[in-house]
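Reading through the structure tokens given below for one structure.
In what follows, every chain begins at residue 1, and chains take the letters A, B, ... in the order their sequences are listed.
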2 protein chains.
Amino acid sequence: MPRLWSETIDAHRREVRDAILDTTARLAAEHGVLSVTMSQIAERTGIGRATLYKYFPDVEAILFAWHERQIASHLELLAQVRDQADDAGTRLEAVLKAYAMIHHQRVRHHQHKHHGAELASFLHQDKHIAAAQQQVHSMISELLTAVADAGDLRDDVPPHELATYCLHALDAASTLPSKAAVGRLVTVVLTALRPRP
Amino acid sequence: MPRLWSETIDAHRREVRDAILDTTARLAAEHGVLSVTMSQIAERTGIGRATLYKYFPDVEAILFAWHERQIASHLELLAQVRDQADDAGTRLEAVLKAYAMIHHQRVRHHQHKHHGAELASFLHQDKHIAAAQQQVHSMISELLTAVADAGDLRDDVPPHELATYCLHALDAASTLPSKAAVGRLVTVVLTALRPRP
DNA sequence: CGTATACGAGACACACTGTATCGGAAACGT
DNA sequence: ACGTTTCCGATACAGTGTGTCTCGTATACG
């Protein structure tokens, strides 16, 4: 008797898939990414090992899917935050702060789980990972361009480079101990974006 | 007949150890970290598998040792750069630029090798990795404090937080395509460090 | 020159992998 | 409602990596 059974078969597959991703993330956080095995994942998820292979071909694919799901949820949150403000400058600040808080919370919430960015290097194809993360980069890049159109952005560096700068700099939030420190980080990052006097 | 044999036995062990680290880094870059095995490492290094186990207990330990060696060489280079200048501000700028170039070169030189920071999350004990990376953090932190003493640093954020900011922001160099872009990145990062007007 | 150390090779039990097959149970479509 | 399709858990299997051990040999050490 399968643990979770939904009305529709498609919904069931989605639930099982999500459960696999959750289990894998938990195992990776507990014992390290390198020691996670398909057997463990199947057992802890409560499904047969052969069934697991019908969802994913190997551990790497699962980690990749987990990373994609993380990025997607981040994107959704960031879009919400962005659409709550009208002014370009306000939008940028709100989104950057939200991005920083996401990374801050992840590390405080789970024990010392890896960021997506860090996980990226594990997988063989950085390119594919980059594709997911690049959606976030695009969003920030567009926000920066909007600010530039308002004349409130430095013009000696192209917006897409500034976006790369922002994303990496804000990853520092994962190391910081307090929300106050994260707030200061966002302030520092924003400082560098203003037009040269 | 062992491939490399040195006069002293201790030098020999160091050479073998380094060869193991080189091989492992190469394999990880070629086929992804997750697929690296002790058997492969032994074969490609040209030593017996049992011998490999006398140097390292598992793949994770080798990756950790490789990471430590990387950080140590970075620290050495950064210290050289630092000691070539006298003025605190000049020192900071030179070291930050060198740090950025290290990360830039690594990604351009090898195909898409992982940064240390990214590799860190793979291993179970982030704490130990953090210890190695923290030496770099300390160096930057000291440089920032020296600049602060000269009155050329913003005083609304403590130097150790600014150091965290710098290190993460400069990691963006690994994504940038050209040396010119890296130069602009360093400029941007430095912008945020100046005293509030 | 005797001793201690490091080595390669091989053997071993164990775990994980990837694939295949099977009968049963649930959803699907008419 | 009922036949069909789809998914599932269990089991089996060969192939590979793991971690440990022993043994005979070669080298450095004192």
Taking atom types as modelled, is there a side-chain donor on B/Arg154 or A/Thr191 under 3.5 Å from an acceptor on the other?
yes

Taking atom types as modelled, find out whether A/His104 and A/Ser174 have a side-chain donor-acceptor pair closer than 3.5 angstrom.
no

Which part of the nucleic acid, if any, lies within contact of A/Thr51, taking any heavy atom under 4.0 Å across all strands shown: a base, the sugar-phosphate backbone alone, or nothing?
base

Hey, which sits more toward the 5' end of DNA chain D by its nearest nucleotide, B/Ala50 or B/Asp10?
B/Ala50

Provide, to the nearest angstrom, the distance between the [atom1] atom belonging to [X] and the [atom2] atom belonging to [N].
X       : N      : atom1 : atom2 : answer
A/Tyr53 : C/dT17 : OH    : P     : 5 Å
B/Lys54 : C/dA9  : NZ    : P     : 13 Å
A/Tyr55 : D/dG9  : OH    : C1'   : 13 Å
A/Glu15 : D/dC8  : CD    : P     : 12 Å
A/Asp58 : D/dT16 : CG    : C1'   : 16 Å
A/Leu52 : C/dT19 : CG    : C1'   : 14 Å
A/Ile9  : D/dC7  : CD1   : C1'   : 6 Å
B/Glu43 : C/dG8  : CD    : P     : 13 Å

Under 4.0 Å: is that the gap between some side-chain N or O of A/His12 and OP1 or OP2 of D/dT6?
no

Can you tell me if A/Ser39 touches the phosphate of C/dT17, counting only side-chain N or O atoms and a distance under 4.0 Å to OP1 or OP2?
yes

Any donor-acceptor pair under 3.5 Å from B/Thr45 side chain to B/Ile47 backbone
no

Give a yes or no on whether the backbone of A/His160 and the side-chain of A/His137 come within a donor-acceptor separation of less than 3.5 Å.
yes

For the base of C/dG8, is there a side-chain donor-acceptor partner from B/Arg49 under 3.5 Å away?
no

